[in-house]
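So the structure is just underneath, and the comments pick up after that.
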Protein chains: 2
Amino acid sequence: MSDERAPRADARRNRARVLEVAAEVFATEGLSVPVHEIARRAGVGTGTVSRHFPTKEDLLIAIMSTRLVKLTAEADELARHEDPATAFFALFTSLVRAGAADCGLAELAGTDRRLDAIGERAGADLCGRLHELLAAAQKSGDVRADVGYADIRALMSACMARKEDPLEPILAVVTDGLRKRS
Amino acid sequence: MSDERAPRADARRNRARVLEVAAEVFATEGLSVPVHEIARRAGVGTGTVSRHFPTKEDLLIAIMSTRLVKLTAEADELARHEDPATAFFALFTSLVRAGAADCGLAELAGTDRRLDAIGERAGADLCGRLHELLAAAQKSGDVRADVGYADIRALMSACMARKEDPLEPILAVVTDGLRKRS
DNA sequence: CTAGAATCGGGACGGGCGTCCCGGTTGCTC
DNA sequence: GAGCAACCGGGACGCCCGTCCCGATTCTAG
């Protein structure tokens with residue numbers, strides 16, 4: 001199978017350093033930071049970055065996939081142990097907090113298609129889980145039946161955008177609004 | 001005073017045509033459309049565009065200012081004739097509808113600073129009106145006291161992002177959520 | 001109708017970004 | 001410790017965009 005020998009030590013070091021720096025930079029400054037800048041801050045050349053990650057998208061996927069897998073696992077956990085509405089709102093809140101803490105993730109969640117594409121490559125269909133939990137929570141009558149998945153995505157993105165201000169008020173507005181009037 | 005003679009007829013025609021085309025393109029495809037493309041669709045050279053509007057921002061201002069003035073007038077009207085909560089929600093809804101119908105306006109509303117800057121140049125402090133109406137509606141006890149202006153902006157932007165789907169559900173979620181629990 | 005000024009068209013320019021490549025260097029194996 | 005392959009650095013390239021400029025054109029006053 002693997003007729004490829006292990007990569008050189010310095011190559012592994014550089015790869016890890018690039019990942020580390022890129023994760024921090026994307027989180028604090030967003031996805032629009034140039035690759036050159038990431039290379040500079042990591043103390044390597046741009047060639048080193050683009051060899052390990054041929055494309056900026058590849059770099060992004062490498063950073064996000066582990067996180068997406070973790071969040072998906074959390075979604076499954078919630079779906080198993082909680083009733084639909086509790087699970088849905090817990091996942092929603094969890095995603096919002098993750099996005100609020102990571103500028104890059106928030107941007108990803110904002111542009112509908114991108115997050116799904118990356119999740120698919122990582123084998124973690126987080127969006128699908130959210131979709132299912134929404135449907136279940138609507139079926140059980142706890143969430144308004146007229147909102148669509150796209151509405152949820154938009155609201156989630158709006159909550160994530162609150163970077164500095166406290167999240168609680170806007171989260172309360174949205175979750176209250178989503179609950180079916182009794 | 002005006003020692004400048006009237007502009008040539010073809011110049012006025014071209015200016016109007018550029019404005020018209022740009023308004024449509026910005027509305028349907030967003031602000032990221034290149035100036036070259038606007039010139040092409042208007043059937044003029046790029047130089048013609050950049051002479052009438054030295055900067056892309058100038059073009060944007062020319063398009064948006066009249067709309068902002070109108071919306072601001074509407075806000076004042078509401079503030080005069082309605083109670084605070086009614087006025088606030090009416091303005092909120094009106095802005096959302098305007099943004100949903102115009103991709104460019106939605107983008108503008110999404111990036112906090114930009115809309116304010118353009119409004120200021122147009123002498124139409126729409127954001128200030130929204131801010132005041134929010135404060136009044138909170139003071140009268142009809143809107144949750146813990147939400148901030150930034151939260152409103154984020155929620156507004158999220159609602160505007162719903163382009164094709166019906167607006168009513170998400171608007172209902174947000175407005176219900178904003179109302180103080182009785 | 002004509003001259004001259006206003007205006008036009010679109011190519012040139014500068015800046016930014018992602019990606020690729022190559023000469024030089026470094027780590028690994030024997 | 002020597003030689004080779006893997007790897008590095010960063011400059012080069014191509015692309016896109018906004019803005020500026022200039023030779024060619026068109027309008028309009030007289």
Side-chain angles (χ1 to χ4, degrees), chain A residues 2-23 25-26 28-64 103-104 107-108 111 114 117-118 121, chain B residues 2-23 25-26 28-64 103-104 107-108 111 114 117-118 121:
Chain A
S2 79
D3 47 356
E4 303 155 7
R5 65 178 72 182
R8 252 166 55 175
D10 56 339
R12 265 184 293 127
R13 258 202 313 275
N14 278 331
R15 189 180 197 281
R17 173 129 188 81
V18 168
L19 267 180
E20 180 188 350
V21 169
V25 171
F26 282 156
T28 58
E29 305 183 26
L31 304 181
S32 66
V33 177
V35 173
H36 287 86
E37 178 64 17
I38 293 172
R40 200 185 61 78
R41 296 203 201 180
V44 303
T46 61
T48 301
V49 175
S50 79
R51 194 167 339 96
H52 289 300
F53 310 98
T55 275
K56 192 176 185 179
E57 191 78 6
D58 293 326
L59 178 56
L60 191 61
I61 291 172
I63 291 172
M64 292 297 175
C103 204
E107 277 181 48
L108 232 48
T111 62
R114 203 111 169 262
I118 292 184
R121 282 221 228 177
Chain B
S2 78
D3 47 358
E4 304 153 8
R5 66 176 75 179
R8 249 164 57 176
D10 57 339
R12 266 184 292 128
R13 259 201 314 274
N14 279 330
R15 188 179 197 279
R17 173 130 188 80
V18 168
L19 267 179
E20 180 188 351
V21 169
V25 171
F26 282 156
T28 57
E29 305 183 27
L31 304 181
S32 66
V33 177
V35 173
H36 287 86
E37 178 64 16
I38 293 172
R40 200 186 60 78
R41 296 204 201 180
V44 302
T46 61
T48 301
V49 175
S50 78
R51 194 169 337 98
H52 288 300
F53 310 98
T55 276
K56 193 177 185 179
E57 190 77 8
D58 292 328
L59 178 55
L60 190 61
I61 291 173
I63 291 171
M64 293 297 175
C103 204
E107 277 182 45
L108 232 49
T111 62
R114 204 112 167 263
I118 292 184
R121 282 222 228 176

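Proteins get letters first, then strands, A, B, ... in listed order; numbering begins at 1 in each. If you're wondering where the values come from, they're calculated on a predicted model, not measured in any experiment.
- C:dT19 atom C1' lies 14 Å from atom CG of A:Leu59, rounded to whole Å.
- Heavy-atom minimum distance, A:Cys103 versus A:Thr28: CB-C, 4.3 Å.
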Quick one: side chains of residues 48-56 of chain B, donor-acceptor pairs under 3.5 Å with protein atoms, not counting sequence neighbours, listed by atom name and distance.
residue : atom : partner : partner atom : Å
B:Ser50 : OG   : B:Gly47 : O            : 3.4
B:Lys56 : NZ   : B:Leu31 : O            : 2.9
B:Lys56 : NZ   : B:Val33 : O            : 2.9

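- Note that CZ of B:Arg17 and CD1 of B:Ile38 are 12.0 Å apart. Values are rounded to the nearest 0.5 Å.
- Atom CZ of B:Arg121 is separated from atom CD of B:Glu57 by 6.5 Å, given to the nearest 0.5 angstrom.
- Per the geometry, NE2 belonging to B:His52 stands 9 Å off C1' belonging to C:dC8, to the nearest Å.
- Here A:Ile118 contributes atom CD1 and A:Asp58 contributes atom CG; the two are 10.0 Å apart, rounded to the nearest 0.5 Å.
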Where along nucleotides 17-30 of chain D does protein come under 4.0 Å, by heavy atom, of base (B) or sugar-phosphate alone (S), with - for untouched nucleotides?
SBBBB----BSS--
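- If you take CD1 of A:Ile38 and P of C:dC17, they are 11 Å apart, rounded to a whole angstrom.
- Every pair passing salt bridge (Lys or Arg N to Asp or Glu O under 4.0 Å) that includes a residue from residues 39-49 of chain B is listed here, sequence neighbours excluded: B:Glu29-B:Arg41, B:Glu37-B:Arg40, B:Glu37-B:Arg41.
- Distances shown here put a side-chain N or O of A:Asn14 below 4.0 Å from the OP1 or OP2 atom of D:dC8.
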